[in-house]
Amino acid sequence: MIDLVRLTDVNKVYQGGITGALNGVSISVEKGEFAAIMGPSGSGKSTMLNLIAGLDRPTSGTITVGGTDLAKLSEGGLARFRRDTIGFVFQFFYLLSNLTALENVLIPAQLKGGDAKAHARDLLDKLGIKEVADKYPARLSGGQQQRVAIARALINNPMLLLADEPTGALDTHSGDQVMELLGGLHRDGQTILLVTHDAKLATRNAARVLSVVDGRIVDDARLESPERAASEVIRVRSEETSR
Amino acid sequence: MTAVIVKALADLRRRRLQAGVIFVTVLLSIAAGTMAVTLMSQTRDPYQAAFQAQKGAHLQVAYKAGTDPRLLSTTPAAIGATAFGGPYPVSTIQFKFKEQKFFVDAVGRDNPLGDVEVLNITSGRWAQANDEIVLTRSFADLHGISIGDRVKVTSVAQTPLLSVVGEVVDIDEGSADLSSQRAWVQAAAIPSLTSPDSSYYLMDYRFAADPTRAQLQGYTDRLRAALPAGSITGSLNYILIRNIFNITNQILTGVLSAFSIFALAATLAIVATLVTGIVISAYREIGIMKAIGFMPAEVVGVFALQIVIPALAACMLGIPLGTIVSQPLLANSSHALGLSYTPSFSIGMDLMILAAGLLVVAIAATLPALRAGLLKPIAAIAKASAPRGAGGRLLRTSAARAHLPRPVVLGIGDALARPLRAVLTLVTVLLGVATVVVAVGLPRSFLLINNSATGAGNYQVVVTRTSAYPDSEVMRVLKAQPETARVVAIGGQNITVPGVLDPVNTRLYRGDSSRLGFLVIAGRWFSAPGEVLAPAALLRDAHLKIGDSFTGSTDGQVLQLRVVGETYDINNFGHSLFMDLATMASTKPAIEPYMYDVTLASGADVAAYVHRVAAVQPDLIDVHASDTSIITPVQIIDLVLLVIAGVLALIGIGGVFNTLLLNTRERIRDTATLKALGMSPRQVMAMVTASAAFLALIGGVVAMPVGLYLHHVLNDVISNSAGNDTPPAAYAVFNAYELVLIPLLAVAVASVAALVPGRWAARTNVVEVLHAE
């Protein structure tokens, strides 16, 4: 298998921080994997996702995505990298309120200079929200907004889809639907890195769960079956939390 | 109350940049306003003071040289004058100083004091011998003549030398750059300075109260009736002279007042935009303030104070600044009137400006701040910021259809995302650009009029002869020069026109005067004897229109005249006539021209021509290149316009900058999201710049007709104040490409103003912003 993402001895210390948000993290994610990064609040899981997305730079260590060393990219280069390689789904959707659902989905493609209206409509259709294409975000439910955000993340056919607590702002039913969607995308070959603090959510679709505590990877579980996976991960988490 | 001040000050510290924008815009507008008010309130005083102190003449009348002086002594009683001066013998003389020659009316007067027209000696002393002369200070200053200099009188064959012994200020004549001048000699010296047809008697009259124009008209009518026909050859009234003294400041105060209102309007638009923006972005904070006990009025007070405090600081600086800047103009007026200059301002007036300025700014700040006071605390906390609608969608769709890059499309959409803010910003841009249009256009209109008056491009050399050198000789000399292409000879005569107070100065032309470049506003140039042109003021006062015939008179002889055109002439505030010399020659066969406008063949050396012709008769003719320079008052008006345009443009830039700052701050999360989706820093800059450019383009395009209209109106106001209608050519001073270029310049300037907020947006730290959510 080919490594799509590789973090080597990555440290991240925020200005004024006494301890690092990430401490010597080294992981790799293969193409086609659905990996979940799990951990309590402040553990550093979102920091890891931000570094992989090129939204932030590590204090030390190297990060390569699709063979590209992110440290070698300028701000403009990182923007192009995000546009071409990454799809990002946020907890709070972050749709642009003054654009319709369809316009929101189209933005990354238009920033790239392309016209992907047909593809965007296909995506909305695939995600079951084609009827909201011309509606503004304020008129959509949370679940619909997150689907629009997923469509937006997929518009440029990214190598890697990053999802940061994608169900965190949704009710259970909508959250389940979103996770179903992500599972379906993975089955179609999409590499996905999911950040969550919910163990059940992490193990429902992900074949691999990375547990992060205090900026360190404390467990890297490759799960054989969903039943086993859940108990395994929950055990690891409770051990780490009680330490 | 302490809490309100503490919170307002804390917010001010946090919003230093926006406080800076308020400070600068209020400073500029209040300084311009103070300057206008100071000029307006203080301008009239110096003339009134000098007129009283120097016992100015309400009416001055010139009588034909042959009139019996004893008869003239009875005229004050005939018109009820309470005081009079004269009759003074006067002779129009030409004198030479260095290489320059000048015409002045030499008044024979033994004493500078008297009951009327006291001459204020500003340096030197009064003439005590027949070879001494006293000049006006404005004339001496203008031509660099000093006490002790000797001038050579060239209008009489003996060419006597006179020593300049004094400089005076005469309240009864205009400044040297705007009107002809007098000089004073001992009465006994007049005969030796007098050439044929160059002398007259001058009488000064003063009345118990300032007479109206109609009363003055009545007095001159009575004088005409009491004396033999043709006795009165000219007259001058104090209203005209006062207008000459005040016209520059009157125009300046008019222009300044109009544009101060513009500046204030633009400032208020910025204040309202800013407060609205702050309230919109501070919903959560407003909710918290209310939750911890701020009353609605106190919340409003916090927001209003954030504006009023920098505005107060700006007023404290701007009012003294405006007062100081207006002083040179006031000093100039005082100097021209021979008054000692003392800084002229009114503390009461300044306090009123301060109060009015602050009140208006406070109202502009309070109205949008009321929204904050009315917000429900829970709703405010929950929303964090005001909801935004789908503003700008139509624009975005249109821009997208034009296949513009997405960042540009987004930027254009953002420009109108908040319609009220966009409209207020457009107002500031519109006022700025419109003022620039006026500041570009008016000097061109002035130049065009100046060129017509000075013959720029139409004749290059002006020759003036004394009566000792005959017209035929001048013509022979000029025609003998190979470079002479055309000579138009000019004479002058005063003509009494029914309904017009003073005898009208009439210019008489021989030769093709239609090619001298005079501006014909309506009708046509004269082409036959009996046909005349006049400016608007004369036509209005005489109730004449083009095609009308009227009967004029000169020296008791009648002239049948017909108006064939309206022209432009600021001399005597539009009271002049233009006609063929032959028209006058029919009643005064001896009349001859004294001045010659010479057009040279293309490529001729003007300096060499002047030198050669002048050498023919160094004393009896004056030859000089046509002076096409713009007179000082117009230069001052041009300069003030330029400064005002700069001020309004700066305020406009401040408006765009302020709006972009609010937009980018308000849209920080969207910008972070776009960056997360792959928008590059350059694209972010492009987005913000597109917003600014779009606002500037719309504002600029709308401003063009507004600016052109204002240019039209100001042209009319200025022309009318000088007794004229505006020549059509003075309106059409813009090229088609300039009409496009000016809005584009606004776009360029706004794009530069967008650099700071654009860079700020481009440097948005995505992680920090989205984490803060």
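The chains referred to below are lettered A, B, ... by the order of the sequence lines, with proteins before strands, and numbering in each begins at 1.
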Handout entry: side-chain hydrogen bond (donor to acceptor under 3.5 Å, both in side chains) involving B:Thr425 - partner list, sequence neighbours excluded
Key =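 Scan of B:Thr425 (side-chain hydrogen bond (donor to acceptor under 3.5 Å, both in side chains), adjacent residues dropped) gives B:Thr659.
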
Exercise for the section: Evaluate whether atom CZ of B:Arg14 has more than 12 neighbouring non-hydrogen atoms of other residues, nucleotides or ligands under 6.0 angstrom away. Expected result: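 Count over threshold, so yes.
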
Exercise for the section: Pick whichever of A:Ala153, A:Ala79, A:Pro108, A:Gly87 has the most heavy-atom pairs under 4.5 Å with chain B. Expected result: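 Among the listed options, the one with the most contacts to chain B is A:Ala79.
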
Exercise for the section: Please determine if A:Asp125 and A:Arg121 form a salt bridge, counting it only when a charged side-chain N lies under 4.0 Å from a carboxylate O. Expected result: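 No.
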
Practice task
Taking A:Gln146 for its side chain and A:Pro166 for its backbone only, find out whether a donor-acceptor pair lies under 3.5 Å.
Solution key: yes

Handout entry: A:Asn23 side chain to A:Arg216 backbone, donor-acceptor under 3.5 Å
Key = no

Exercise for the section: Enumerate the residue pairs fulfilling side chain to side chain donor-acceptor pair (under 3.5 Å) with a member in residues 157-166 of chain A, sequence neighbours excluded, ordered by first and then second residue. Expected result: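 Those involving residues 157-166 of chain A are A:Ser46-A:Asp164, A:His119-A:Asn157, A:Glu165-A:His197.
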
Practice task
Check each atom of A:Leu95 against the heavy atoms of chain B and say whether the ones under 4.5 Å are side chain, backbone, both or neither.
Solution key: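 Backbone only.
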
Completion exercise
Bottom line for A:Thr100: the part with an atom under 4.5 Å from chain B's heavy atoms is side chain

Handout entry: Residues of residues 673-681 of chain B with any heavy atom under 4.5 Å of a heavy atom in chain A
Key = B:Thr673, B:Leu674, B:Lys675, B:Ala676, B:Leu677, B:Gly678, B:Met679, B:Ser680, B:Pro681

Handout entry: Considering all heavy atoms, the nearest B:Val299-B:Ala372 contact
Key = CG1-CB, 3.8 Å

Practice task
For the residue pair A:Phe90 and A:Phe88, categorise the inter-ring angle as parallel (less than 30°), tilted (30 to 60°) or perpendicular (more than 60°).
Solution key: parallel

Handout entry: Contact residues of residues 53-74 of chain A (partner chain B; heavy-atom separation under 4.5 angstrom)
Key =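 If one takes a 4.5 Å heavy-atom cut-off, the residues of residues 53-74 of chain A near chain B are A:Leu55, A:Asp56.
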
